[in-house]
Amino acid sequence: MLSPEENELVTRTGAGTPMGEVMRRYWMPAALAWELPEPDCPPIRVKLLGEKLVAFRDTEGRVGLIDEFCAHRRASLFLGRNEEGGLRCVYHGWKYDTKGSCLDMPNEPQETNFKHAVRLKAYPTAEMGGLIWAYMGPPEKVPPLPKFEWTQVPENYRHLSKMWQECNWLQALEGAIDNAHAGFLHRALTDKTTRAGLRGYWENSQTPRLDVHLTDYGFMYTATRALPGRQNYVRAYQYVMPFHQFFPSQIAHSGSAAKLKKPTVRGHMFVPMDDENCMVYNWTYTFAEQPLTEADSEQLARHIGSAPEELAADFRKLRNRDNDWLIDRQVQKTETYTGIEGITTQDHAIQESMGPIVDRSRERLGSTDKAIVAARRLLLQAAQTVREGGDPPGIDTSYYSIRAVERVLPDGADCLEALKAEVNPAGR
Ligand code: FES
Ligand SMILES: [Fe+2]
């Protein structure tokens, strides 16, 4: 439970808010790289931390992320012409480069040189791991690039997607670090269904034991479920500040995830668009010798609910709160716990159902909410640290090699000791 004031503090990310200032200290995904497929391609709208921006790829292939609205009389540059090294407003022809400098002002007399006095807000970008990343913080505080293992593998070992979630970013993140829900919300009721759902070890215990191990980037947490025969099913997750979650997928459970035979690590990033919407980036990579095949990618998209036919052009789900996520009550009776298609759509549905910003002063938290409590504490501490002029956790490189793993371990085994080498192969 949080006080109403704390709830405001952790959920609001506009410029000048305490959490907004924390968020602005990290590289954040702004778009999938394929949304800007080639030089001089059409610009795209990007909403980040309550700011309306446009991204474009100039003639040289450089990516600009600038204020959506022209400095002259605020027309949207989304309608602009992307040509010859800059984005040109189609109202009166003012043109901007990727740094926001005004290059041309054809409706003003040449001799005034007015264009040199005009600059649009522009943020640095970087392209890595199939994504365009943006940094919106103080120029002297740019952190190292987010070289997670999944951003460094060759493209065909990775699957990426994104989906617009219509609620506050923290609600979405909390769903991801809440392990106990998976055995309910995502459950398939039968092996016979072809619908997205989890089976297997998930069903063994509905009350996993959670252990949180704080690190300098956030925390690793383990969820332990007792199996028959004095064994435990242990899942080790990672939370990297401020919005990254890693989860393991290496054991072939029954259910729709089982169709992908390769060991993978998966995760999400919950990036605030504004206080009532976030863009969820979903990533999967394999550390098997063979890359992901086309069929693997299709299976992943179906399992997640991010296949092209599930999303509108702006990445809003076709199954959304306006149509009750197309819940099928017959399917809910006989095939899956929710009757909603797609694992990630199930997450979105339940989190969106809570309203745009859940009132955390009215919660009743239990023992399986331990990781959520730990994340809130870290975020509140980070807000305090940044407000006092310090650096938040997770901006140095200690998270670069971490993984999420799942194993069956004998009863009484020291999980942390048993998994240490695997959750951080570089041993940092
Ligand atoms: S509003 Fe853009 S050039 Fe006039
Ligand atoms: Fe979930």
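Numbering starts at 1 and runs along the sequence shown. The structure displayed is predicted, hence computed values, not measured ones. All values below come from the heavy atoms of this structure, side chains included, with hydrogens, waters and symmetry mates left out. Whatever order the structure lists them in is the order used to number ligands and atoms, beginning at 1.
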Item to complete: Could you tell me which N, O or S atom of Asp347 is nearest to the Fe ion (ligand 2)?
Response: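 The atom in question is OD1.
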Would you call [X]-[Y] a salt bridge at under 4.0 Å N-O?
X      : Y      : value
Asp322 : Arg316 : yes
Arg321 : Glu276 : no
Arg195 : Glu341 : yes

Worksheet item: What residues form a salt bridge (Lys or Arg N to Asp or Glu O under 4.0 Å) with Lys115, not counting sequence neighbours?
Response: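 If we apply the salt bridge (Lys or Arg N to Asp or Glu O under 4.0 Å) test to Lys115, skipping adjacent residues, there are no hits.
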Worksheet entry | Exercise: do Gln152 and Tyr400 side chains pair donor with acceptor under 3.5 Å | no
Practice prompt. Write down, by chain and number, every protein residue that brings a non-hydrogen atom to less than 4.0 Å from an atom of ligand 1.
Written response: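 Residues within 4.0 Å of ligand 1: Cys70, His72, Arg73, Ala75, Cys89, Tyr91, His92, Gly93, Trp94.
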Item to complete: Begin with the C-alpha distance, continue with both residues' side-chain angles, and end with the deciding distance and a verdict on salt bridge (charged side-chain N to carboxylate O under 4.0 Å, His left out) for Glu174 and Arg376.
Response: CA-CA 9 Å; Glu174 289 179 348; Arg376 290 178 188 174; 2.7 Å; yes
